[in-house]
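Down below is the structure, laid out as structure tokens.
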Amino acid sequence: MIQAPISLVSIAIITCGRPAGLEKLLTAISCLTFPDFPDLELRVVVVENGRKELAEAQVESFREALKDIVYAHEPRPGISYARNAALQYAVVDSDYVAFIDDDEYPGPHWLNALLLCSLKHGASLVRGPVIPILPCNAPNWAIHGGFFMRERYKCGTEVRHCASNNVLIESQLLRDSELRFRSEFALTGGEDTLFFLQLCQRFSIQPIWCDHAIVYEDISEARVTPMWLKRRATRAGSNMPQYDAIIGNVPYYRVRWVLHGLYHIIVSLLLRLPKVSPSELQRMRSHIRYALGVGMIRGAMGQVVDEYSERHSN
């Protein structure tokens, strides 16, 4: 058993139009176990973004299972606004803040593993794996292509980037930095990557990987399409130059990202040459790489891809 001065951990969740996902997530959180932190208190913060729907009633239904659970509503459409609202509640009096998304659910030892990793490595920022769960009717190219898989590392490995889908942050860093998720990325996504890049730069720290802190992500049928994957690649590519523009210290970043984009486009076109006889899987990889390159060039020119606009216009 670990003896450590950890008394309160907040889990920050934002949600928008995913009642089934939120229900599954809150159910999994209510089943979390803390064998190494038996006296730990847990606070769960749920922020509903955009129109008010079912989230408040769902939160109330978990009041008995999760004693300290908070519901808040952020009417301004945009993921950055919702994350900032969640952060506002989550940092109060807490030792750590964990972020997880409303289309995910954790294994029972998820948070215990993140906390152990933080203490073992003296890490203020810990990131864990997200395992995709594809729909049962997913096509072969989606199953074998690894398009939804993220790279995994040995526990304790320093990693470069963080996202809000499975991360633990020491609350004092958040209070000291006063950093917030930037509104420019409210409808594009990628606000979390920039947030953690800025946090790491400000405190000269690196995220540590915890491979035991498992989170699962339900991949909807709507995402298992070439169109969705190409759009996601274009958005990811367009965000990269925006990060450099905000963080600074990257000379000629526009030229750099145009060249990066052209490289990806050229490679993607070479993969499609008739003599190569690309398979369906190769063609898909080529299309996604092409979209990534186009996104990089668009981002270098100051263009953005509003990935989350649709969710708030329906």
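The backbone N or O of Ala163 lies less than 3.5 Å from no partner atom in the side chain of Arg127, so there is not a single donor-acceptor pair. In this structure, the side chain of His264 does not engage the main chain of Val294 through any donor-acceptor pair within 3.5 Å. No donor-acceptor pair closer than 3.5 Å links the side chain of Ser94 to the backbone N or O of Val97. Checking side-chain atoms of Arg43 against main-chain N and O of Tyr89 turns up a donor-acceptor pair under 3.5 Å. Remark: the backbone N or O of Ile6 is not paired with any side-chain donor or acceptor of Asp95 at under 3.5 angstrom. Checking side-chain atoms of Ser30 against main-chain N and O of Ala65 turns up no donor-acceptor pair under 3.5 Å. Asn49 places no side-chain N or O within donor-acceptor distance of the main-chain N or O of Thr15, the cut-off being under 3.5 Å. A donor-acceptor pair under 3.5 Å links the side-chain atoms of Tyr243 to the main chain of Gly190, judged by distance alone. Between the side chain of Glu74 and the backbone N or O of Arg76 there is at least one donor-acceptor pair closer than 3.5 Å. At least one donor-acceptor pair closer than 3.5 Å links the side chain of Asn166 to the backbone N or O of Ala213.
Here the shortest heavy-atom pairing between Leu134 and Ala142 reads CD1-O, 3.7 Å. Considering all non-hydrogen atoms of both residues, Gln198 and Ile247 come closest at CG-CG1, 4.3 Å. Shortest non-hydrogen contact noted between Gly78 and Leu187 is CA-CD2, 4.0 Å. Listed here is the closest heavy atom pair of Cys210 and Ala113: SG-O, 3.5 Å. In this structure, Arg235 and Ser238 approach most closely via the heavy-atom pair O-OG, 2.9 Å. Between Leu114 and Gly128, the shortest heavy-atom distance links the atoms CD2-N, 4.4 Å.
For Met227, the CE atom is loosely surrounded, since the number of other residues' heavy atoms within 6.0 Å does not exceed 12. Atom CD of Glu41 has 12 or fewer neighbouring heavy atoms from other residues, nucleotides or ligands inside a 6.0 Å radius.
Residues Ile288 and Leu281 are members of one and the same hydrophobic cluster, defined by side-chain heavy-atom contacts under 4.5 angstrom among Ile, Leu, Val, Met, Phe, Trp and Tyr. Under the 4.5 Å side-chain heavy-atom criterion for grouping Ile, Leu, Val, Met, Phe, Trp and Tyr, Leu87 is not connected to Val45 through any hydrophobic cluster. Using a 4.5 Å cut-off between side-chain heavy atoms of Ile, Leu, Val, Met, Phe, Trp and Tyr, with links allowed through other members, Ile100 and Ile69 fall into the same hydrophobic cluster. Ile143 and Trp141 fall within the same hydrophobic cluster, where Ile, Leu, Val, Met, Phe, Trp and Tyr residues are linked whenever their side-chain heavy atoms come under 4.5 Å apart, directly or through other members. When hydrophobic clusters are built by joining Ile, Leu, Val, Met, Phe, Trp and Tyr residues whose side-chain heavy atoms come closer than 4.5 Å, directly or via intermediates, Leu42 is grouped together with Leu168.
No donor-acceptor contact under 3.5 angstrom links the side chains of Tyr216 and Glu104, judged on distance only. Counted by atom type alone, Tyr96 and Ser10 present zero donor-acceptor pairs between their side chains at under 3.5 Å. Neither side chain, Ser7 nor Asp39, offers a donor N or O lying under 3.5 Å from an acceptor on the other. Between Glu23 and Gln58, the side chains place a donor N or O and an acceptor N or O closer than 3.5 Å (distance only, hydrogens not considered). Checking Gln282 against Arg285 by side-chain atom types alone, no donor-acceptor pair falls below 3.5 Å. Using modelled atom types and a 3.5 Å distance limit, the side chains of Trp209 and Asp211 yield a donor-acceptor pair. With 3.5 Å as the limit, one finds no donor-acceptor pair spanning the side chains of His287 and Ser268.
A distance of 12.0 Å separates CG of Leu270 from CD1 of Ile265, quoted to the nearest 0.5 Å. The distance from the CG atom of Asp218 to the CG atom of Leu25 is 10.5 Å, given to the nearest 0.5 Å. With rounding to the nearest 0.5 angstrom, the CD1 atom of Ile169 is 5.0 Å from the CG atom of Leu174. One finds the SG atom of Cys200 at 9.5 Å from the NE2 atom of His161 (value rounded to the nearest 0.5 Å). Atoms CG and CG, from Leu179 and Asn84 in turn, are 10.0 Å apart once rounded to the nearest 0.5 Å. Separating the CG atom in Asp36 from the CG atom in Leu116 is a distance of 4.0 Å, to the nearest 0.5 Å.
Under 4.0 Å is where a charged nitrogen must lie from a carboxylate oxygen, and between Glu48 and Lys52 no such pair does. Remark: Glu217 engages Arg223 in a salt bridge, criterion side-chain N to carboxylate O under 4.0 Å. Classification of Arg256 and Asp244 as a salt-bridged pair holds, one side-chain N sitting under 4.0 Å from a carboxylate O.
Side chains of Asn239 and Thr193 form no contact here, defined as non-hydrogen atoms less than 4.5 Å apart. Residues Ile11 and Leu32 have side chains in contact (heavy-atom distance under 4.5 Å, counting atoms from C-beta outward). Contact of the Phe99 side chain with the Asp192 side chain is not registered, since no non-hydrogen atoms from C-beta on lie closer than 4.5 Å. Residues Met296 and Val258 fail the side-chain proximity criterion, which asks for heavy atoms closer than 4.5 Å. Contact check for Cys155 versus His212: side-chain heavy atoms found under the 4.5 Å cut-off. Between Leu292 and Thr234 the shortest side-chain heavy-atom distance does not fall below 4.5 Å. With a 4.5 Å cut-off on side-chain heavy atoms, Tyr290 and Val267 do not count as touching. Proximity of Arg283 to Leu271: side-chain heavy atoms (C-beta onward) are nowhere separated by under 4.5 Å.
Taking the side-chain hydrogen bond (donor to acceptor under 3.5 Å, both in side chains) definition, one finds that Glu60 meets it with Arg63, sequence neighbours left out. The ring pair (Phe, Tyr, Trp, His ring centres under 6.0 Å) check on Phe203 picks up nothing, with sequence neighbours excluded.
In this structure, Phe195 and Phe181 have parallel ring planes: the angle between them is below the 30° cut-off, well short of the 60° mark.
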Query raised in the report: Would Tyr71 and His73 count as a side-chain contact (heavy atoms from CB on, under 4.5 Å) if you check the C-alpha gap in whole Å, the side-chain angles of each, and the deciding distance to 0.1 Å?
Result: CA-CA 7 Å; Tyr71 169 85; His73 177 231; 3.7 Å; yes
Report task. Would you sort out whether Leu115 and Phe37 count as a side-chain contact (heavy atoms from CB on, under 4.5 Å), showing the intermediate values? Result -> CA-CA 9 Å; Leu115 291 167; Phe37 307 93; 3.6 Å; yes
Requested in this report: Verify side chain to side chain donor-acceptor pair (under 3.5 Å) between Ser80 and Ser183, making sure each step is shown before the conclusion.
Outcome: CA-CA 6 Å; Ser80 300; Ser183 59; over 6 Å; no
Query raised in the report: Run the side-chain contact (heavy atoms from CB on, under 4.5 Å) check on Val9 and Leu111 step by step: do they pass?
Result: CA-CA 9 Å; Val9 177; Leu111 197 50; 3.9 Å; yes
Requested in this report: Evaluate the side-chain contact (heavy atoms from CB on, under 4.5 Å) criterion for residues Ile205 and Leu173: first the C-alpha distance (whole Å), next the side-chain angles of each, then the deciding distance (0.1 Å), finally the verdict.
Outcome: CA-CA 11 Å; Ile205 59 174; Leu173 257 67; 3.5 Å; yes
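When Lys24, Arg83, Arg18 are each tested for a salt bridge (Lys or Arg N to Asp or Glu O under 4.0 Å) with Asp101, only one passes: Arg83.
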